[in-house]
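The sequence lines fix the lettering, A, B, ..., with proteins before strands; numbering per chain opens at 1.
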2 protein chains.
Amino acid sequence: MFRTHTCGELRIADVNKSVTLSGWVQAVRKFGSITFVDLRDRYGITQLLFSESLNEQLDANPLGREYVLQATGMVRERSNKNPNIPTGDIEVLVDSFTILNKSVTPPFTIQDDTDGGDDLRMKYRFLDLRRNAVKKNLELRYAVNRATREYLHQYNFMDIETPFLIKSTPEGARDFVVPSRMNPGEFYALPQSPQTFKQLLMVSGYDRYYQIVKCFRDEDLRADRQPEFTQIDCEMSFVHQEDVLEIFEGLIKYIFKTVKGIDYTEPVERMPWQEAMWQYGNDKPDTRFGMKLLNLKYPKHVFADKEDNAHLIEGANFQVFESAETVLAIAVPGCSEYTRKQLDELTEWVKRPQIGMKGLVYIKCNTDGTYKSSVDKFYSEERLKAIADAAGAKAGDLILVLAGTEALTRKAMSELRLEMGKRLGLRKSDEFKLLWVVDFPLFEYSEEDNRWVARHHPFTSPKPSDIEVMINNSPVIENPAEYLKHPYANIKANAYDMVLNGNEIGGGSIRIYQKELQQRMFEALGMDEQEQQHKFGFLLGAFEYGAPPHGGIAFGLDRLCSILGGSESIRDFIAFPKNNSGRDVMLDAPSAVDDKQLEELYIQLNLPKE
Amino acid sequence: MFRTHTCGELRIADVNKSVTLSGWVQAVRKFGSITFVDLRDRYGITQLLFSESLNEQLDANPLGREYVLQATGMVRERSNKNPNIPTGDIEVLVDSFTILNKSVTPPFTIQDDTDGGDDLRMKYRFLDLRRNAVKKNLELRYAVNRATREYLHQYNFMDIETPFLIKSTPEGARDFVVPSRMNPGEFYALPQSPQTFKQLLMVSGYDRYYQIVKCFRDEDLRADRQPEFTQIDCEMSFVHQEDVLEIFEGLIKYIFKTVKGIDYTEPVERMPWQEAMWQYGNDKPDTRFGMKLLNLKYPKHVFADKEDNAHLIEGANFQVFESAETVLAIAVPGCSEYTRKQLDELTEWVKRPQIGMKGLVYIKCNTDGTYKSSVDKFYSEERLKAIADAAGAKAGDLILVLAGTEALTRKAMSELRLEMGKRLGLRKSDEFKLLWVVDFPLFEYSEEDNRWVARHHPFTSPKPSDIEVMINNSPVIENPAEYLKHPYANIKANAYDMVLNGNEIGGGSIRIYQKELQQRMFEALGMDEQEQQHKFGFLLGAFEYGAPPHGGIAFGLDRLCSILGGSESIRDFIAFPKNNSGRDVMLDAPSAVDDKQLEELYIQLNLPKE
C-alpha cells in the first residue's frame with residue numbers, strides 16, 4: 001500500500017503515530033518558512049505540515065493543486081483546531097514525501113461551489129467526480145443499492161440476471177438494436193426492461209425475483225432523460241395487488257430509514273387514478289401540499305360518479321365558462337393581496353405555449369371578508385363567495401380559475417398548482433411524501449392509429465371485474481370522436497404507481513397469466529396472430545405450461561436517488577451520464593466506426609441526402 | 001397471497017394448522033379412492049392428500065403434471081414418512097382446492113435426470129429452469145453474488161455503475177456496436193469491460209470500486225463462450241501488486257467459506273508465468289495433481305535460466321528427438337501395464353488435429369524394475385532409467401514423451417497431462433486448488449501484423465525494472481523470424497491471473513498511470529498519435545490531472561460459478577444463455593427488424609451476394 005491510513009481517519013488518539021498518507025493536494029498555504037498542505041482522498045482531508053527542513057526539496061519539487069502526493073510523518077495535535085472536519089484536531093508533521101503524479105491546472109475548481117459550467121464539467125467528468133457534492137450523490141446511490149438488496153433478500157427475493165442481447169419487439173418506445181455478425185441481416189435489441197424475462201422466471205417457479213439492472217430506450221431525450229437508465233426490477237408469484245403494495249411500500253420505507261435515517265411510519269395513501277385526476281389534475285400528484293382542484297365543470301363521461309358543481313358558475317352568461325368543456329379552480333393560500341402586476345404575470349405564465357391556456361380568472365378572498373374578481377361583471381359577491389367556499393378558500397386566499405377543453409385545462413391547472421406550490425415554498429426537498437396511485441385505465445387511445453394502446457404495457461391484467469367487458473366487446477373503434485364511450489375506455493387495470501413528491505418513482509401491475517387473455521390483449525392492441533407469434537410466441541408458449549398468478553414492479557433508481565438527494569437532476573446521480581443528445585461528451589461517443597466493422601456486420605450507412 | 005406457507009416450510013410442529021399452499025403438480029398418485037399429489041414450489045415439495053369426498057370435484061377437474069394448484073387443508077402427521085425431504089414428516093389433508101392454471105404435457109420431465117436433450121431444454125428454457133439441478137445453480141450464483149458484495153463492502157469497495165453505451169475502441173476482440181438514431185452515421189459500442197471507466201474512477205479518487213457487470217465480446221464463439229458474460233470487476237488505488245493479490249485471494253476464500261462451507265486456509269501459491277509454462281506447459285495449470293513436465297529439450301531463448309537436460313536424450317541418433325526443437329515428458333503414475341491397444345489409442349489421441357503431434361514415445365517403468373520403451377532401439381535401459389528418474393517416475397509408472405516445435409509440443413503435452421489426469425480421476429470436481437500466475441510477458445507477438453500486441457491489455461504496466469527497456473528500445477521488429485530476441489519479448493508485466501482447477505477465473509494488473517508511459521505503450525502497439533487521441537484521448541487527458549497509482553482485477557462470474565458448482569458448462573449457471581451461434585433459441589433472437597427501424601437508424605443491410 002502507498003498509505004497506512006486514509007485522509008479521513010486520523011484522530012487525536014493517533015497522536016505520535018508514524019503514518020503514511022496518499023491523496024490529492026487540495027490546497028497549499030505558506031506561512032513564513034512553513035508550508036501547510038490539505039491532502040484529500042475519498043475519506044476526507046488531513047492537514048500536512050512541511051517544516052523548514054523540507055523547503056529545499058519543496059523548491060525543487062513544487063506542489064500544485066491536484067498533485068498526487070505521498071507523505072510520511074508523525075501525527076500531532078494541531079494548535080489551531082478545525083472543528084468543521086473530523087480530522088481537524090490533528091495534523092501530520094511530514095518527514096518525507098514523494099510526488100506520485102503531477103497535475104496541470106484543472107479547468108474548474110474541485111470544490112462544492114465549483115466555478116465550472118455544466119458542459120465543462122461533463123467533458124471533464126473525471127474531475128467533476130472528485131467534488132464532494134458529486135461523491136455524496138454516488139455514495140447515496142450505493143447506499144440505496146445496498147439497502148434494496150438487503151431488504152429484498154430478507155423477503156426471499158433472488159437476484160437473477162437476464163440477458164441484454166434480446167429480441168426487438170417495439171411496442172411503445174423504440175429499441176436500440178445491435179447487428180449480429182454471426183447471423184447476417186439479423187439484430188439483437190437491448191432490453192427496455194426485463195419484463196418478459198421476469199415473467200418467464202415466474203413461470204419457472206422463481207417466485208421472488210429482483211435485479212438492479214440497466215435498461216435502454218431510444219427515445220427523443222427530454223431534459224433529464226437518459227438513453228440508458230437503471231431499474232430496481234422485481235416480480236412475485238402467488239400474489240394479489242395488495243401483497244405487492246405492502247412489500248414494496250416496505251422497501252421504500254426501509255430505504256428511507258437506512259439511507260436517510262427517516263422513520264416513515266404512516267401507511268402510504270392509496271389513491272385511485274381517477275381521484276388523482278379529479279383532485280390534482282395529475283396521475284402523480286405532489287401531496288406534500290393541498291390546494292386541491294375544485295371541479296366546477298367537467299365532462300360527465302370521464303368522471304361519471306362525481307358530484308356536480310356546475311350550478312356554482314351556470315347562468316351567469318360568462319361565455320368563457322359557458323363554452324368551456326372544463327372549468328377548474330384552486331385556492332392559493334394567503335395570496336389575496338397579489339398586485340395587478342403579479343396577476344398579469346401569472347396570466348402570462350398560463351398563456352405560455354407549454355401551458356397553452358387563453359387566460360386566467362381570479363377571485364380575491366380579501367381579509368376583510370369581501371370578494372374581488374376579474375369576473376365581477378358576471379358574478380355577484382354572493383356567487384363568488386359560494387365558489388370560494390366550495391374551493392375551501394379562507395379569507396386572504398386567492399382563487400385561480402382556468403377554463404377550456406378537458407385534457408388541456410386539467411393539465412394546465414395541475415401545472416399551475418405545482419407552480420404556486422413552488423412559489424409558496426410548499427415543495428420542500430427535505431420533506432418526503434409517498435403515494436400509491438392505483439386503478440389506472442388499462443388502455444389509452446392512440447389518435448394516430450385509431451386504436452387502443454396499453455397504458456402500462458401489454459402484460460398488465462385488467463381488473464377481474466372488467467375481464468368480461470374486454471372479452472365480450474370488440475376492440476374496434478367505429479367512431480373515433482366518441483372513443484371515450486367505447487367500453488374499453490372504462491376498463492381498469494390491476495396497475496399501480498408509487499409517487500414520491502410528485503414524481504413517479506415506480507410502477508407495476510398484476511400480470512396476465514392466462515394464454516387466452518394475453519392473446520385477447522394483443523388483439524385489442526391490433527396485433528394479429530402472426531405478429532403475436534413472432535414477437536411474443538415464447539411467452540404465449542410459456543403460459544401453456546402452468547403459469548402462476550404473478551405481479552411486480554420496477555423502480556427508477558436514478559430518479560429515486562435524485563429525490564432522496566434533494567436534487568432535480570438525475571444526471572447528478574449517474575457517474576458517467578449522457579447529455580440531451582445522448583452523447584457522452586467525455587468519451588466523444590457515439591462516433592463513426594471503421595468501414596471494415598460495418599462490413600463484417602453486413603450493414604452500411606444510409607445517411608440522409610443533403 | 002395465494003398461500004400461507006411455501007411447499008418447503010411445513011414440519012411436524014405445524015400439525016393441526018390450517019394452511020394454504022400453491023405450487024406445481026409434480027406427481028399424482030391414486031391409491032384406491034384416495035389421491036396423493038406432490039406439490040412443488042421453489043422451496044420444496046409437500047404431499048397433499050385428497051380424500052374420497054373430493055373425488056367428484058377431482059373427476060370434474062382432473063389434475064395433470066405441472067398444473068398450478070392452490071390447496072387449503074389441515075397439516076397432519078404422515079403414517080408413511082419420507083426421510084429424504086424436509087417436509088417428509090407431514091402431509092396436508094385437503095379441504096378445498098383451485099386449479100390456478102393448467103399445463104399441457106411438458107416436452108421433457110421436470111426432474112434432476114430429465115429426458116430432455118440440450119436443444120429441447122434450451123428452447124423451453126423456462127421449463128428447464130424448473131428443474132432442481134438448474135435451480136441449485138442459480139441459487140449458487142446468487143450466493144456468490146451476495147458473498148462478493150458483502151466482502152467487498154467490508155473492505156470499503158463501492159459499487160459504481162459504468163455506462164453500457166460507450167465508444168468503439170476495438171483492440172483485441174470485436175465490439176458489438178449500436179447505431180445511434182440521434183447521431184446519424186454514428187455508433188455506440190457495448191463495453192468489453194469497464195476497464196477505462198474504472199481507471200477514470202481511480203483518477204476521480206474513488207479508491208475502491210467494484211461492479212458485478214455484464215460485458216460483451218463479439219467473438220467467434222467457441223464451446224462454452226457467451227457473447228454476453230458477467231464480470232466481478234474491481235479496481236483499487238494506492239496499491240502494489242501484492243495488495244491486490246491479498247485482497248482478492250481473501251475474496252475467493254470468503255466465497256469458498258460462505259457459499260461452499262470450505263475453509264481454504266492455506267496461502268495461494270504464486271507461480272511466475274515462465275514457471276507455469278516450464279512445469280505444466282500452460283499458463284493456467286491445474287495444480288490438483290502433479291505429473292509435471294520434464295523438459296528434455298527446449299529453446300534456450302525462451303527459458304534462459306533453466307537447467308539443461310539435453311544430455312539425457314542426446315547422441316542416440318534418434319532423429320525424432322534430434323530434429324525437434326522441444327522434447328517433453330511426463331510420468332503417468334501406475335500406468336506401466338498399459339496394453340498395446342491402450343498405447344495405440346493414446347498415440348491416436350495426440351495425433352488428432354486438435355493436438356497435432358506426429359507421434360508418441362513411451363517408456364514403461366515396469367514394477368520389476370525393468371524398462372521397456374518404443375525407442376529401445378536408440379536408448380539403453382540405463383538411459384531410459386536416467387530419463388525416468390529425471391521425470392520423477394516410480395516403478396509402475398508410464399512415461400509419455402512428445403517432440404516437435406516448441407509452442408505446439410508444449411501445448412500438446414499440457415493437453416496430454418490434463419487428459420491423463422482426467423483418466424486417472426485426479427481432477428475431482430469437489431477438490432479446489434487455487435493458484436496465482438504472475439509475471440506475465442507484457443507483449444505478445446502478432447505474426448499477422450508483425451507487431452506487438454498487449455498480452456493483457458494496453459493499460460497494464462510493465463515491471464518497474466523493465467520500464468527502461470521499453471523506453472530505450474524501438475518497438476519495431478526488423479527481423480520477424482527472430483522476434484523472440486527483440487528486447488520487448490522479455491518485458492514482464494505487473495499482471496496476474498487467478499487460476500482455479502486449471503481455469504483462469506480472474507485476471508488483472510497494476511496499471512500504467514503516467515501519461516508518457518501510456519503513450520509509449522500505445523506506440524509500442526502501433527497506434528499513432530491521432531489514433532491514440534481518437535480512441536483514448538479521454539484517458540490520456542485524465543492522466544494529466546493527477547492519476548494515482550492503481551490496479552485491479554476482474555473475475556469471470558459465470559466460470560467461477562460453474563467450477564464451484566462442479567460443472568463443465570457455464571451455460572448451466574446462466575438463466576437465459578445463448579447457443580454457440582450466439583442465438584437465444586427460446587426468443588428466436590437475433591432476428592430481422594423492420595425496414596422502418598433501419599431507416600430511422602440511417603443504416604441498411606449489406607448482405608453477401610449469393
message: I'd like to check the side-chain contact (heavy atoms from CB on, under 4.5 Å) partners of A:E544; sequence neighbours left out, ordered by chain and number.
response: A:K515, B:V104
Residue [X] versus chain A: region with a heavy atom under 4.5 Å:
{"X": "B:I160", "result": "side chain"}
{"X": "B:L539", "result": "neither"}
{"X": "B:F157", "result": "backbone"}
{"X": "B:R174", "result": "side chain"}
{"X": "B:E600", "result": "side chain"}
{"X": "B:D594", "result": "neither"}
{"X": "B:L21", "result": "neither"}
{"X": "B:F197", "result": "both"}
{"X": "B:Q70", "result": "neither"}
{"X": "B:E219", "result": "backbone"}
{"X": "B:I99", "result": "neither"}
{"X": "B:R146", "result": "side chain"}
{"X": "B:T105", "result": "backbone"}
{"X": "B:M1", "result": "both"}

message: Tell me which pairs pass side chain to side chain donor-acceptor pair (under 3.5 Å) where either residue lies in residues 179-188 of chain A, with sequence neighbours left out.
response: A:S180-A:N183, A:R181-B:D218, A:R181-B:D220, A:N183-B:R583, A:E186-B:R583
- prompt: Which atoms form the tightest heavy-atom contact between B:W24 and A:G546, and what is the distance?
  reply: NE1-O, 2.8 Å
For a 4.5 angstrom cut-off between non-hydrogen side-chain atoms, does [X] reach [Y]?
{"X": "B:K167", "Y": "A:P590", "value": "no"}
{"X": "B:I166", "Y": "A:D584", "value": "no"}
{"X": "B:L605", "Y": "A:F187", "value": "yes"}

query: Does the pair B:V213 and A:K214 meet the rule for a side-chain contact (heavy atoms from CB on, under 4.5 Å), with working shown?
result: CA-CA 10 Å; B:V213 63; A:K214 273 282 172 72; over 6 Å; no
message: If we count only N and O atoms by modelled type, under 3.5 Å, do the side chains of B:D207 and A:Y43 hold a donor and an acceptor together?
response: yes
Checking [X] against chain B: side chain, backbone, both or neither under 4.5 Å from a heavy atom?
{"X": "A:P549", "answer": "side chain"}
{"X": "A:Q226", "answer": "neither"}
{"X": "A:L587", "answer": "both"}
{"X": "A:K135", "answer": "both"}
{"X": "A:M158", "answer": "both"}
{"X": "A:N580", "answer": "backbone"}
{"X": "A:D588", "answer": "both"}

Criterion side-chain contact (heavy atoms from CB on, under 4.5 Å) on B:L165 and A:L190, from CA distance to verdict: CA-CA 10 Å; B:L165 297 172; A:L190 299 179; 3.9 Å; yes
task: Look up atom CG in A:L201 and atom CG in B:L129, then write down how far apart they are to the nearest 0.5 Å.
output: 6.5 Å
- prompt: If you measure from CD on A:E150 to CD on B:E150, what distance do you get to the nearest 0.5 Å?
  reply: 9.5 Å
message: Under the criterion side-chain contact (heavy atoms from CB on, under 4.5 Å), I'd like the reasoning laid out for A:F576 against B:L200: C-alpha separation, chi angles, the key distance, then a yes or no.
response: CA-CA 10 Å; A:F576 299 101; B:L200 288 177; 4.1 Å; yes
- prompt: Can you name the one residue among A:Y513, A:Y545, A:F238 that meets side-chain contact (heavy atoms from CB on, under 4.5 Å) with B:V68?
  reply: A:F238
- prompt: Can A:F164 and B:F164 be said to form a ring-ring contact (aromatic ring centres under 6.0 Å, His included), step by step?
  reply: CA-CA 10 Å; A:F164 277 72; B:F164 278 72; 5.0 Å; yes
- request: Before giving the answer on side-chain contact (heavy atoms from CB on, under 4.5 Å), spell out for A:F2 and B:V239 the whole-Å C-alpha distance, their side-chain angles and the decisive distance to 0.1 Å.
  value: CA-CA 6 Å; A:F2 285 77; B:V239 288; 5.6 Å; no
query: Does CD belonging to B:E599 count more than 12 external heavy atoms closer than 6.0 Å?
result: no
